[in-house]
Amino acid sequence: MPELPEVEGVVRQLRPVAEQKTITHVQLSETIYTSKEAGKECIVKVLAPHDFERMMTGMTITDVSRRAKYIYMTLTKDGRTYLLASHLGMSGAWFDVASIEDIPDAKYQKHAHAIFTLNNGRLLVFSDIRRFGELRLLQEAADYPPLLLMAPEPFDDDACAYFIEKTTLKKYANKPIKAVIMDGHIISGCGNIYATEALYLERIRPQTITHTLSDAQKRALFAQIVRILHESIEVGGSTISDYRNVNGEAGGMQHRLKMYGKKQCACGTATESLVIGGRTSVYCPNCQQ
DNA sequence: CGCTGTGACCGGGCGC
DNA sequence: TGCGCCCGGTCACAG
């Protein structure tokens with residue numbers, strides 16, 4: 001499940017293959033067509049499949065960037081600017097290939113849902129096994145209000161202050177800290193993997209009620225999250241549940257995880273798990289107090 | 001009005 | 001072998 005570091009990796013790989021290219025053809029999957037006909041918002045949001053194909057055709061990709069776990073592609077066509085906001089959901093992936101058969105995993109070949117042909121003949125393919133991902137064509141971010149409500153990028157100067165301020169609101173103060181740091185309105189891009197790791201490294205139990213933490217603890221936790229997100233970006237992200245980068249390669253971060261998915265802590269103690277905010281949360285009852 | 005809880009979207013993988 | 005359940009990022013909406 002791609003979190004911020006994995007999405008950042010995808011963006012860095014997409015840039016050289018997508019920027020300054022023009023989309024000459026778009027083909028959405030039969031699944032999208034039939035699902036949309038049934039009234040569901042399958043991957044392509046708001047627009048009817050044919051309208052999405054028509055509007056995307058002729059677009060020039062001028063910029064690829066990341067905002068939280070969203071991939072933003074800035075597009076231009078006929079002198080107008082657009083934004084394609086794509087989210088990988090649980091199992092989405094982008095591939096840069098010469099043909100569909102070159103997608104390195106059969107499951108991703110089977111679930112190729114949007115095929116963009118570029119003016120150099122290459123294909124940009126959005127695949128998604130569980131269809132929780134999305135492709136949202138907008139004129140600007142403001143056209144989809146949830147994008148404006150996301151917390152600052154964790155690497156921004158004001159992100160820690162924003163986090164501290166939010167944690168003092170009664171809406172968040174009485175929640176478990178893990179639910180708070182995984183909330184994209186508080187911190188951008190920190191999902192279950194990195195929340196679990198940061199709490200372990202700071203020796204804080206995930207169920208700790210937020211207001212019981214001191215500001216110093218909150219600052220240290222935030223700094224730990226930033227550090228571990230950086231570390232993961234450097235080593236290519238975590239390969240968990242089929243996540244692969246644009247070249248189909250695995251990342252290296254999964255080998256460095258100390259608590260996520262562990263049955264036993266490095267100290268020898270069996271880990272415990274509980275559900276917080278609907279997500280499985282693992283911690284060491286010995287190391288985390 | 002604000003917050004909380006629940007539903008909706010899915011198929012791979014695993015347990016029985 | 002086969003069936004059924006669990007998992008999860010995010011938003012929408014009911015209460």
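Chain letters run A, B, ... following the sequence lines, proteins first, then strands; residues in each count from 1. Atom set for the values below is all heavy atoms of this structure, side chains included, hydrogens, waters and symmetry mates excluded.
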Nearest whole angstrom, please: distance from the [atom2] of [N] to the [atom1] of [X].
X: Leu148(A); N: dC11(C); atom1: CG; atom2: P; answer: 11 Å
X: Asp183(A); N: dC3(B); atom1: CG; atom2: P; answer: 12 Å
X: Asn174(A); N: dC3(B); atom1: CG; atom2: P; answer: 12 Å
X: Lys170(A); N: dT4(B); atom1: NZ; atom2: P; answer: 9 Å
X: Asp105(A); N: dG12(B); atom1: CG; atom2: P; answer: 11 Å
X: Ile193(A); N: dC7(C); atom1: CD1; atom2: C1'; answer: 13 Å
X: Leu88(A); N: dC9(B); atom1: CG; atom2: P; answer: 21 Å
X: Met182(A); N: dT10(C); atom1: CE; atom2: P; answer: 9 Å

With respect to the side chain of [X], which nucleotide from [options] is positioned closest?
X: Pro146(A); options: dT4(B), dG9(C), dA12(C); value: dA12(C)
X: His185(A); options: dC9(B), dC11(C), dG9(C); value: dC11(C)
X: Arg131(A); options: dG11(B), dC11(C), dG9(C); value: dG11(B)
X: Lys110(A); options: dC11(C), dC3(B), dG12(B); value: dG12(B)

Can a donor-acceptor pair be found, under 3.5 Å and without considering hydrogens, that links the side chain of [X] to the backbone of [Y]?
X: Gln288(A); Y: Ile204(A); answer: yes
X: Glu202(A); Y: Gln224(A); answer: no
X: Asp105(A); Y: Lys107(A); answer: yes

Look at all strands and tell whether [X] reaches a base, only sugar-phosphate, or nothing, counting heavy atoms closer than 4.0 Å.
X: Thr31(A); answer: nothing
X: Gly191(A); answer: nothing
X: Tyr144(A); answer: sugar-phosphate
X: Arg279(A); answer: base

When you measure from the side-chain N and O atoms of [X] to the phosphate of [N], is any distance below 4.0 Å, counting only OP1 and OP2?
X: Thr280(A); N: dG8(C); answer: yes
X: Lys107(A); N: dG11(B); answer: no
X: Lys171(A); N: dT4(B); answer: no
X: His87(A); N: dT10(C); answer: yes

Item to check | Atom pair CD/CZ of Glu134(A) and Arg131(A) - distance to nearest 0.5 Å | outcome: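 Rounded to the nearest 0.5 Å, the CD-CZ separation comes out at 15.5 Å.
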Next on the checklist: As an exercise, state the distance from OG of Ser281(A) to CD1 of Ile177(A), rounded to the nearest 0.5 Å.
Outcome noted: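 Answer rounded to 0.5 Å: 12.0 Å.
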Item to check | Phe132(A) aromatic ring stacked with six-membered ring of dC9(B), 5.5 Å and 30° | outcome: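 Yes.
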Next on the checklist: Here's a test of your reading of the structure: between Arg130(A) and Leu147(A), which maps to the more 5' nucleotide of DNA chain C?
Outcome noted: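 Final value for this comparison: Arg130(A).
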Checklist entry - Is there side-chain contact between Val235(A) and Arg256(A), with heavy atoms separated by less than 4.5 Å? => result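 Result yes, sub-4.5 Å side-chain heavy-atom pair found.
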